[in-house]
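The basis for the numbers below is simple: all heavy atoms, side chains too, and nothing from hydrogens, waters or symmetry mates.
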Amino acid sequence: LHSIVKDSGVLAPGEWVSSNNVLAAFVGQCVARASTEAQTYAVGDWTVFQSMDMRRPLGLALQGLGSPLMLAQCQMSYAEIEGCQAEFPFIAKRVRQSISKYTGDYLQQAMDWMHCTYWQMAQSGVNEPWRRFWFTALDTNRRAVGLSFMNRIPIYGADFGAGRPAMARSFNPRVNYVIVFPGPPSVENDAPPSGKDYSELHLYVTLETRAMDALLADKSWAALCTLC
């Protein structure tokens with residue numbers, strides 16, 4: 001997928017896309033197309049939300065637990081959704097641009113607002129106020145898909161007291177929400193892999209039943225993904 005975007009000619013000199021940007025574009029396009037074909041949503045434009053780490057733009061230390069996250073927003077037109085591979089590089093480029101537009105000042109203001117609002121909710125007796133901030137953009141009545149990327153976390157190199165894990169999984173509670181986890185290392189690999197050395201990724205996808213059936217039947221999706 002990354003090579004397709006790099007070789008497409010859509011990137012100007014100095015522009016680049018990460019592997020996660022590319023994956024967000026691919027998954028977003030496939031999910032939107034499947035949901036449209038299954039008629040779970042009316043024909044129209046879609047929004048892709050990709051989680052982004054706010055540490056770098058905020059000037060925080062890059063190593064730490066509990067990174068502040070922002071959902072970067074990118075629009076896909078219906079023509080791009082139906083355009084399959086021809087439009088895919090353009091979506092990937094725009095996903096990258098959507099992340100780059102969030103400056104440190106903007107993110108700091110967003111953090112201040114969230115802290116203030118959370119404190120006010122807690123003081124007023126709102127039960128579990130954190131739920132009000134948990135991907136509220138992914139309203140099930142909205143044409144949107146969200147992706148959380150955890151594939152760069154060296155989870156299989158961590159020992160939580162019982163040795164390194166054989167499998168790491170995630171609970172996915174929301175429709176149109178995708179969590180990306182690293183796949184387990186091969187048995188032959190004695191050394192724990194880094195966050196970029198995994199040979200496969202595990203995607204935890206939650207969709208309406210008809211949309212899931214359409215996604216599994218999608219040729220672009222089936223060419224790269226298998227059902228576990």
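- Residue Tyr78 forms a side-chain contact (heavy atoms from CB on, under 4.5 Å) with just one option from Met76, Glu80, Glu82, and that option is Glu82.
- Atom-to-atom distance recorded for Lys101:NZ and Cys74:SG is 8.0 Å, nearest 0.5 angstrom.
- Using modelled atom types, one side-chain atom of Asn176 and one backbone atom of Ala144 make a donor-acceptor pair closer than 3.5 Å.
- Checked by atom type, the side-chain pair Tyr177/Ser148 shows a donor-acceptor distance below 3.5 Å.
- Within the 4.5 Å cutoff, no side-chain heavy atoms of Val22 are placed close to those of Ser19.
- Taking the six-membered ring for Trp and the full ring otherwise, the centers of Tyr41 and Trp46 sit less than 6.0 Å from each other.
- Within the model, atoms CG of Leu107 and CG of Asp112 stand 11.0 Å from one another, a figure rounded to the nearest 0.5 Å.
- With a 4.5 Å cut-off on side-chain heavy atoms, Tyr156 and Met167 count as touching.
- Summarising the geometry of Val31 relative to Val145, their closest heavy-atom pair is CG1-CG2, 4.1 Å, with the distance given to 0.1 Å.
- The CG atom of Leu207 lies 10.0 Å from the CG atom of Asp213; values are rounded to the nearest 0.5 Å.
- Between the CD atom in Gln50 and the CG atom in Leu71 there is a gap of 9.5 Å [rounded to 0.5 Å].
- In the hydrophobic clustering of ILVMFWY residues, with side-chain heavy atoms under 4.5 Å counting as a link, Val43 and Leu215 come out apart.
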Worked check of side chain to side chain contact (heavy atoms under 4.5 Å, CB included) between Leu147 and Val48: CA-CA 8 Å; Leu147 295 100; Val48 178; 3.8 Å; yes
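- When all heavy atoms of Asn151 and Pro182 are compared, the closest pair comes out as CA-CD, 3.5 Å.
- Looking at heavy atoms from C-beta onward, Glu208 lies in side-chain contact with Val175 at the 4.5 angstrom threshold.
- Of all heavy-atom pairs between Val17 and Val5, the closest is CG2-CG1, 3.8 Å.
- Note: Leu227 CG to Leu203 CG = 12.0 Å, rounded to the nearest 0.5 Å.
- Checking side-chain atoms of Thr40 against main-chain N and O of Ser35 turns up a donor-acceptor pair under 3.5 Å.
- If you check the side chains of Gln109 and Asp105, you find no donor sitting under 3.5 Å from an acceptor.
- Using modelled atom types and a 3.5 Å distance limit, the side chains of Gln75 and Gln73 yield a donor-acceptor pair.
- Here the closest non-hydrogen pair linking Leu58 and Gly104 is CD2-O, 3.6 Å.
- Scanning all heavy atoms of the two residues, the minimum distance from Asp218 to Trp221 falls at OD1-N, 3.0 Å.
- The two atoms that bring Glu15 and Ala12 nearest to each other are OE1-N, 2.7 Å, heavy atoms only.
- A donor-acceptor distance shorter than 3.5 angstrom exists from the side chain of Arg143 to the backbone of Asp45, with no hydrogens or angles considered.
- Ring geometry for Tyr204 against His202 counts as perpendicular: the plane angle is over 60°, on a 0 to 90° scale with 30° as the lower cut.
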Does the side chain to side chain contact (heavy atoms under 4.5 Å, CB included) test come out yes or no for Met150 and Val180, once each step is laid out? CA-CA 6 Å; Met150 303 182 183; Val180 183; over 6 Å; no
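- Separating the NE2 atom in His2 from the CG atom in Leu23 is a distance of 11.0 Å, to the nearest 0.5 Å.
- Ser51 contributes a side-chain N or O that, together with a main-chain N or O of Phe149, makes up a donor-acceptor pair within less than 3.5 Å.
- Judged by distance alone, with hydrogens and angles left aside, the side-chain atoms of Thr226 form no donor-acceptor pair with the main-chain N or O of Ala222 at under 3.5 Å.
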For Ser220 and Arg33: C-alpha separation, side-chain torsions, deciding distance, then whether side chain to side chain contact (heavy atoms under 4.5 Å, CB included) applies. CA-CA 11 Å; Ser220 296; Arg33 185 166 57 242; 3.7 Å; yes
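- With hydrophobic clusters built from ILVMFWY side chains whose heavy atoms lie under 4.5 angstrom apart, Leu224 shares a cluster with Met212.
- Annotation: side chain of Phe88 is in contact with side chain of Ile4 (closest heavy-atom distance under 4.5 Å).
- One hydrophobic cluster, built from ILVMFWY side chains closer than 4.5 Å, cannot hold both Val126 and Trp119; they sit in different ones.
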